[in-house]
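Report on the structure given below.
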Amino acid sequence: MLTRRDTIAIGIGASAAVLLPVTGAYALTTEEAITAYTGGADMAEGGVTITAPEIAENGNTVPISVEAPGATEIILIATGNPTPNVGRFTFGPGSGAPMVATRIRLGRTQDVMAIAKMEDGSFASTAVEVKVTIGGCGG
Amino acid sequence: MTVRPRIRLPRSASAGDSIVVKTLINHDMESGQRRNSAGETIPRQIINRFTCEYNGVMVIDVALEPAISANPYMEFEALVPESGEFLFTWYDDNGEVYTATEAFEVS
């Protein structure tokens, strides 16, 4: 027979079991990835342009390019991937333009976000939705 | 697997131009998310950093995550104030470093 104390213990155990996968399974959430980069600073809308297909048939290689005039660094975040960080692109003094094109993996249909760090230390961001027909995270 | 970097530069440019540089290296970029047929997680092994310098000046420094596709492709722009040499470097999770150089002449 269950005493009141046992019931409470089971209750705590059950809620811990429910909560753990949420915080434990993924290293970082999208929010955390953004805050880790910007330190919680405000981000301007615009000034960053992402070029990506509206529909990607194969999530394993989605061509994407991003440019942000006046940026010293750009990060890409895949908001629906198991780990949202995609890459950090730092432009040196030999860079001809703050732009980069690459190919990324998207696990499912999601928003892809770019955050640019500007010369004055401010941040700007944009996001585009990419529909994915076949996911690219294996499994 | 032999890692073979591929570089694409324009044929010509004038001094001070910004040129488009395209690079590709064959690499699985094993994400650490996949499992083998026995259900065990395949350990992560990716290229985690890529840099490009021209005559010792940093053009771009990239931190790559597992979400970059296999055979990572990078396209970017570089300033070529004079003739010289590009140095490309890829850093593998396993500690290996792959480099490629490419001479470039401005007119």
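All chains are named by letter (A, B, ...) in the order of the sequence lines, taking the proteins before the strands, and each is independently numbered beginning at 1.
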Looking only at atom types and distance, does a side-chain atom of A/T102 sit under 3.5 Å from a main-chain N or O of B/Y73, one as donor and one as acceptor?
yes

As an exercise: rank A/P98, A/P63, A/G87, A/P93 by heavy-atom pairs under 4.5 Å with chain B and give me the winner.
A/P93

Are A/T83 and B/Q33 close enough, and set up right, to give a side-chain contact (heavy atoms from CB on, under 4.5 Å), and what steps lead you there?
CA-CA 10 Å; A/T83 48; B/Q33 300 276 340; 4.3 Å; yes

Does CD in A/E57 sit with more than 12 non-hydrogen atoms of other residues, nucleotides or ligands closer than 6.0 Å?
no

If Ile, Leu, Val, Met, Phe, Trp and Tyr residues are connected whenever their side-chain heavy atoms lie under 4.5 Å apart, and connections chain through other members, are B/I47 and B/V21 in the same group?
yes

Pairs touching residues 111-120 of chain A that satisfy side chain to side chain donor-acceptor pair (under 3.5 Å), sequence neighbours left out:
A/D120-A/S122

Is atom CG of A/D42 surrounded by more than 12 heavy atoms (other residues, nucleotides or ligands) closer than 6.0 Å?
no

Hydrophobic clustering (ILVMFWY, side-chain heavy atoms < 4.5 Å, transitive) - are B/F50 and B/I19 grouped together?
yes

Please report the closest heavy-atom contact between B/M74 and A/F89, naming both atoms and the distance.
SD-CE2, 3.9 Å

Just so I understand: if I count every heavy-atom pair under 4.5 Å between each of A/I75, A/V62, A/V86 and chain B, which residue has the most?
A/V86

Just wondering, are more than 12 heavy atoms of other shown residues or ligands nearer than 6.0 Å to CZ in B/R44?
yes

Kindly give the heavy-atom pair with the smallest separation between B/S18 and A/G96, and that separation in Å.
OG-CA, 3.2 Å

Side-chain heavy atoms under 4.5 angstrom apart, residues restricted to Ile, Leu, Val, Met, Phe, Trp, Tyr: same cluster for B/F86 and B/V3?
yes

Working to the nearest 0.5 angstrom, can you tell me the gap between A/T90 OG1 and B/R49 CZ?
9.0 Å

Checking an interface table here. Which of residues 56-70 of chain B come within a heavy-atom distance under 4.5 Å of chain A?
B/V57, B/M58, B/V59, B/I60, B/D61, B/V62, B/A63, B/L64, B/E65, B/P66, B/A67, B/I68, B/S69, B/A70

If hydrophobic clusters are built by linking Ile, Leu, Val, Met, Phe, Trp and Tyr wherever their side-chain heavy atoms come under 4.5 Å apart, do A/I34 and A/V66 end up in the same one?
no

Is there a side-chain contact (heavy atoms from CB on, under 4.5 Å) between A/R103 and B/L24? Walk through the geometry before answering.
CA-CA 11 Å; A/R103 295 171 189 151; B/L24 187 106; 3.7 Å; yes

Please determine, among A/A78, A/P84, A/S95, A/S65, the option with the most heavy-atom pairs under 4.5 Å with chain B.
A/S95

Path from A/M118 to A/M43 over hydrophobic side-chain contacts below 4.5 Å
no

Does atom CD of B/E85 have more than 12 heavy-atom neighbours, drawn from other residues, nucleotides or ligands, at distances under 6.0 Å?
yes

For A/A97, is it the side chain, the backbone, both or neither that has a heavy atom under 4.5 Å from a heavy atom of chain B?
both

Minimum heavy-atom distance between B/E75 and A/M99, given as atom pair plus value:
O-SD, 4.0 Å

